[in-house]
Each structure stands twice: as structure tokens, then as C-alpha cells.
Amino acid sequence: MRQQNKVLFYELVRRHIRELLPIIYTPTEGDAIAAYSHRFRKPEGCFLDITDPDSIDERLSKFGEAKDIDYVVVSDGEGILGIGDQGMGGIRISIAKAALMTLCGGLHPGRVIAVGLDTGTNNKNLLNDPLYMGNKFPRVRGEEYDIFMEKFITSLTKRFPHAVLHFEDFGVINGRPVLEKYRKVLPCFNDDIQGTGAVVMASMTAALKITKRELLDSQVVIYGAGSAGLGIADQIVNHMVTKGATKEEARAKIHCMDRRGLILDDMHDKSTPAQQSYADSAAEWEGIDTRSLVDVIEKVKPTVLVGCSTQAGAFTEEVIKTMYKHNPRPIIFPLSNPTRLHECVPEDALKWTDFNALVATGSPFKPVEGHVISENNNCFTFPGIGLGAVLSRATVISDTMISAAVDQLAAGSPGIADYKKGLLAPLEVIDETSAQVATAVILQALKEGVAKVEEEESPAGGKVSVPRDFDGCMKWVKEQMWKPVYRPMIKVEHVDSIHTHQY
Ligand SMILES: O=C([O-])CC(=O)C(=O)O
Ligand SMILES: [Mg+2]
């Protein structure tokens with residue numbers, strides 16, 4: 001339906017969003033991506049092939065003229081949700097996120113491109129699958145990958161100078177370095193690092209308000225130190241810094257674990273620089289089993305436990321009860337996607353804490369005995385961040401613009417009186433939430449002098465002028481969001497000439 005009748009598709013999903021979002025997005029998209037080559041019907045999106053970098057420009061040229069494109073989602077398929085390397089099937093995550101940019105972010109569906117970079121795959125099942133449609137060689141790393149990425153960015157910025165770039169589901173090796181390099185070149189962000197970090201920080205802010213605790217008194221254990229886990233850590237640090245902590249103080253409150261256990265400062269040869277910046281002192285952990293989550297919780301007494309490990313069931317009854325022993329209202333976020341990979345199910349986390357835990361997940365879950373479970377999914381942030389960057393014609397997407405998105409999302413939480421309604425605004429108003437987030441991002445971009453929209457001609461003539469007050473700016477945002485409505489039929493007088501032109 002999306003391919004045949006966009007108005008009908010987007011209006012249908014909008015009206016039945018709670019029922020249909022899990023089908024067009026998480027968790028069903030994970031199955032669709034894994035089965036991509038087997039279920040293939042016709043191509044959609046822009047396929048870029050590392051064996052043919054010289055074709056990048058030509059392939060992108062098919063998607064329109066310079067002014068036609070606002071937004072590009074790109075994935076190389078290496079870190080798809082929690083299901084890892086899906087090779088060329090990863091283009092479907094670009095397609096799903098692009099569809100959400102229209103559904104929640106109000107971008108015109110014809111002004112968004114979904115791009116898949118085929119740089120090989122290390123997924124043995126795909127390499128041995130006769131139906132796999134992507135390149136059947138191991139992932140290309142190093143200089144050849146970097147040159148390919150550089151060609152893509154150069155061509156993109158030349159062809160579509162207004163486009164905002166959204167990186168999705170890159171692996172740990174490339175995600176962060178690519179973001180750090182290109183965020184200085186064009187307005188771009190990594191949804192798994194920054195989008196996920198922002199939504200978790202917003203939920204945490206809302207949960208702290210409910211429990212009347214301060215962010216700076218928090219101790220956080222992050223179980224799973226990949227792109228999402230470290231992105232969340234960074235966002236928490238950014239926020240603590242805005243509340244008066246130094247970077248070092250903030251980092252000391254965050255404890256990251258991966259397959260090797262707690263990340264310690266004597267593991268530097270085997271940790272990425274980002275992991276190392278959160279390392280605990282090995283000397284302080286002498287004699288403690290740092291591979292045991294329960295032992296780590298016993299020592300840290302965290303107020304917040306975040307799971308991005310893709311280890312289903314890692315938050316056992318003992319883990320949750322140890323959290324509860326040290327905290328009357330523990331904040332517990334099992335975030336691994338898709339659903340079957342969650343570290344625990346909300347029902348268990350609530351029952352094991354006598355319904356005192358504040359729980360949010362990464363995939364959708366049904367309410368538990370009247371407690372709504374908020375989905376800490378980045379779909380609450382990336383559409384607003386993307387829309388804000390597009391409308392303001394931002395030249396960069398700064399950390400402070402992301403922080404503005406966090407504060408705005410947290411402000412929309414049902415709050416203390418309504419804490420059973422979840423930590424975030426309901427999915428049913430996600431387009432409204434995205435407009436609010438976009439407004440906060442635009443106002444921040446204007447404040448920082450990185451918004452260039454007021455240098456443009458408005459369609460009505462003269463320069464564009466963006467209201468500086470929140471309500472005025474939000475009205476301006478909403479006026480520009482695409483709505484799924486049929487355009488009126490117009491009676492045509494000169495049928496003959498129209499026919500001549502049409503055929
Ligand atoms: O796609 C989603 O639902 C959230 C996300 O970015 C991920 O899990 O990688
Ligand atoms: Mg993702």
C-alpha cells in the first residue's frame with residue numbers, strides 16, 4: 001500500500017498507530033530485513049555498491065534535483081537492531097526509518113531517500129545463501145571503505161545540498177568514527193548513538209521527576225557497551241554537564257559492561273576509545289567478580305539499569321531484586337530489540353519489585369495491570385531532530401540541539417500524577433511530540449547561529465522569518481508538515497490540449 005497509495009497508507013497507519021507501527025517498524029521489520037533476499041519483489045531505495053564506487057553519483061542522480069531532497073537515511077546493514085549484520089537486507093531499515101520521517105516527522109514522502117551501502121557481509125548464513133542478493137564477500141574495512149563513504153558524502157552534498165543525513169544501524173567499528181568525521185561536514189546524526197541516547201535520557205529525566213531524585217545523584221549501570229549503550233552514556237554525561245557536573249564527575253557515575261564484564265581501565269588494549277572513557281578503576285574492583293551483573297550492582301548500588309546487550313533474559317530475578325534492595329524505585333530499561341532480545345519483560349521487572357520499578361523498553365509491550373510501558377524507542381526523537389534540522393536548514397546538528405530535544409521530550413511526559421501512563425507521551429500523539437521536539441531543535445539552532453533558513457527566499461516572496469516564541473515557532477513547523485490528505489480534483493477545461501501533453 002505504501003508503494004501504491006501513500007495518502008491512504010500514511011493515514012491508515014496514523015489512525016491505527018498502536019496496532020500498525022509494530023508491523024511497519026519494530027519488531028516486524030527485523031524479520032523483514034532478515035528475510036530480505038527471500039521475499040524480494042521489487043527494488044526500493046538507492047543501492048550503492050562498494051565494487052562500483054564510480055556509479056554513486058549516477059545512482060543518486062535518479063532521485064531528483066538539488067531542491068527535491070530534504071532527508072537521506074543510510075545504512076550499511078552491519079548493526080541492524082539487535083540482530084547484527086544483515087548485509088544488503090539492511091536497506092529495509094533505511095526504508096522503515098524514512099517512512100517514519102513522513103509518518104511522525106511530516107516530511108513529504110517524495111523528498112526522502114533510503115540508501116543501502118553494500119560493503120559486503122560477515123553473516124555466514126547470507127554468504128552461503130544462493131538467494132542472497134548482496135555482495136558475497138566479507139565486509140570491506142579500512143581505506144577502501146573510507147574512500148567509498150567519502151565518495152558517497154561528496155556526491156550527496158553536491159547533488160542535494162539541503163539534505164540532512166541520518167546514519168542508521170552501522171556497526172561499532174564504523175558508526176562512531178563516521179559520525180565524528182562527517183558531523184563537521186554536513187548536518188547529520190547517528191540515530192542509534194544520538195537518537196537512542198536522547199530518548200533514554202528523556203525517559204530517565206521523567207522517571208527521576210516521578211521519584212523526586214536528582215540527575216546528579218544517579219548511578220547508572222549500562223549493560224551492553226555498543227553504539228546504543230555508549231550513545232546513552234554520552235547523552236547522560238552531556239546532560240549532567242548542563243546541570244553543573246564536570247565531564248569527569250559525570251563519567252564516574254556511569255559503569256559500562258560488555259561480554260567481558262565491567263569495563264576496567266586495565267583493558268585499554270581491547271576496548272574502543274569510547275568504552276575506555278567510561279572505564280572503572282581496576283584497583284577499586286580488586287577481588288570482585290566484575291563479570292557478574294549482580295556483583296556489579298551490589299557494589300555500585302545503581303539507581304538506573306539500562307540494557308542494550310541483546311542478551312535476552314540477562315536481567316534475572318536476582319538482578320532485578322538486587323536493584324530493588326538498594327532502591328525503593330529502581331529505573332529499569334531493558335532496551336534490546338527486537339522483542340525477543342529484551343533483557344527482561346516488563347511484567348517480571350514490575351512483579352519482582354512490587355510494581356515499584358519504573359520500566360521502559362525498546363520494543364512495544366502491552367500494559368501490565370494498568371501500568372503503561374513506554375517504548376524507549378528512538379522513534380520519539382529522530383523524527384523531531386530530523387524535521388528540526390530540515391526546517392531550520394541547520395548547517396550542523398550540535399550536541400546542544402540534541403539536548404534541547406531531550407528536555408522537550410521529557411517535558412511532554414505524563415508526569416508524577418499520571419505515572420501509570422508511562423514515561424513518555426503516548427504513541428497516538430507522536431506527530432505532535434515530533435513537532436514539539438522539532439520546535440525545540442529549531443529554536444536552539446537559531447540561538448546557536450547554525451540555522452540558515454532565514455537567508456532563504458520564502459515561497460510568498462521576501463525572506464523566511466521564524467517566530468522566536470515556542471508556540472509561534474511550533475505553528476510554523478506544523479504548517480510545513482506533510483499531511484496525508486487527497487488533493488482536490490480540479491476540473492480541466494481544455495481536455496484536448498491536456499491529452500496531447502499527457503500522452
Ligand atoms: O529500529 C528501532 O526500533 C530502534 C533502533 O534504532 C534499533 O534498535 O537499532
Ligand atoms: Mg537502529
Side-chain angles (χ1 to χ4, degrees), residues 13 17-18 20-34 36 72-86 89-101 103-105 114-117 165-172 174-176 178-179 188-203 222-232 235 306-312 333-343 360-365 373-386 402 405 409 424 427 430 434:
V13 178
I17 193 156
R18 202 168 277 281
L20 292 180
L21 199 65
I23 295 173
I24 67 157
Y25 184 56
T26 310
T28 313
E29 69 180 351
D31 297 337
I33 292 165
Y36 182 76
V72 176
V73 186
V74 64
S75 180
D76 73 358
E78 186 171 6
I80 295 295
L81 305 170
I83 56 175
D85 190 341
Q86 299 298 326
I91 194 162
R92 281 220 62 92
I93 195 67
S94 301
I95 295 167
K97 296 275 175 177
L100 262 72
M101 278 313 296
L103 181 71
C104 317
V115 177
L117 305 179
L165 181 61
H166 166 148
F167 293 106
E168 187 67 44
D169 290 355
F170 281 70
V172 198
N174 291 314
R176 201 172 272 262
V178 165
L179 170 68
C188 63
F189 69 104
N190 178 307
D191 185 33
D192 303 284
I193 298 175
Q194 295 161 290
T196 304
V199 69
V200 173
M201 189 59 238
S203 288
I222 298 183
Y223 189 69
S227 299
L230 293 167
I232 292 166
Q235 202 56 55
V306 179
C308 325
S309 64
T310 69
Q311 283 181 32
F333 293 163
L335 299 183
S336 292
N337 286 330
T339 319
R340 65 187 159 80
L341 295 180
H342 271 58
E343 286 79 5
T361 52
S363 297
F365 279 91
I373 308 301
S374 280
E375 200 182 328
N376 251 348
N377 191 291
N378 49 31
C379 67
F380 284 96
T381 46
F382 78 79
I385 295 170
I402 306 271
L409 187 59
L424 298 171
L427 209 47
I430 195 162
S434 302

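Both ligands and their constituent atoms are indexed starting at 1 by order of listing.
- The distance from ligand 1 to the heavy atoms of Lys97 drops below 4.0 Å at these ligand atoms: 1 (O), 2 (C), 4 (C), 5 (C), 6 (O).
- Looking at Ser336, its side chain does come within 3.5 Å of a backbone N or O of Ser309 through a donor-acceptor pair.
- Within the protein, the N, O or S atoms sitting under 2.8 Å from the Mg ion (ligand 2) are Glu168 OE2, Asp169 OD1, Asp192 OD1.
- Listed by atom number, the atoms of ligand 1 under 4.0 Å from Tyr25 heavy atoms are 1 (O), 2 (C), 3 (O), 4 (C).
- Without hydrogens or angle criteria, Ser374 side chain to Leu424 main chain gives a donor-acceptor distance under 3.5 Å.
- Relative orientation of the His166 and Phe189 rings is tilted, given thresholds of 30° and 60° on the angle between their planes.
- In this structure, the protein non-hydrogen atom closest to atom 3 (O) of ligand 1 is Thr26 OG1, 2.3 Å.
- Within ligand 1, the atoms closer than 4.0 Å to a non-hydrogen atom of Glu168 are 6 (O), numbered from 1 in the order shown.
- Using a 4.5 Å heavy-atom cutoff, the side chains of Leu100 and Ile24 are in contact.
- Residue contacts with ligand 1, taken as heavy atom pairs separated by less than 4.0 Å, do not involve Ile80 at all.
- Atom 8 (O) of ligand 1 has Asn337 ND2, 3.0 Å as its closest protein atom, hydrogens excluded (heavy atom only).
- No side-chain donor-acceptor contact under 3.5 Å links Ser227 to the backbone of Ile193.
- For the pair Thr339 (side chain) and Ser363 (backbone), a donor-acceptor distance under 3.5 Å is absent.
- Among the candidates Asp191, Thr26, Asn337, the single residue satisfying the side-chain hydrogen bond (donor to acceptor under 3.5 Å, both in side chains) test with Asn378 is Asp191.
- With hydrogens left out, the protein atom closest to atom 5 (C) of ligand 1 is Asn378 ND2, 3.4 Å, a heavy atom.
- Once rounded to the nearest 0.5 Å, the distance linking CD1 of Ile91 with CD1 of Ile93 reads 12.0 Å.
- In this structure, atom 7 (C) of ligand 1 lies nearest to the protein heavy atom Leu81 CD2, 3.5 Å.
- The backbone N or O of Glu168 sits less than 3.5 Å from a side-chain atom of Ser75, completing a donor-acceptor pair.
- When only interatomic distances are considered, the shortest N/O to N/O separation between Thr196 and ligand 1 does not fall below 3.5 Å.
- There is a side-chain donor-acceptor pair under 3.5 Å between Asn376 and Ser203.
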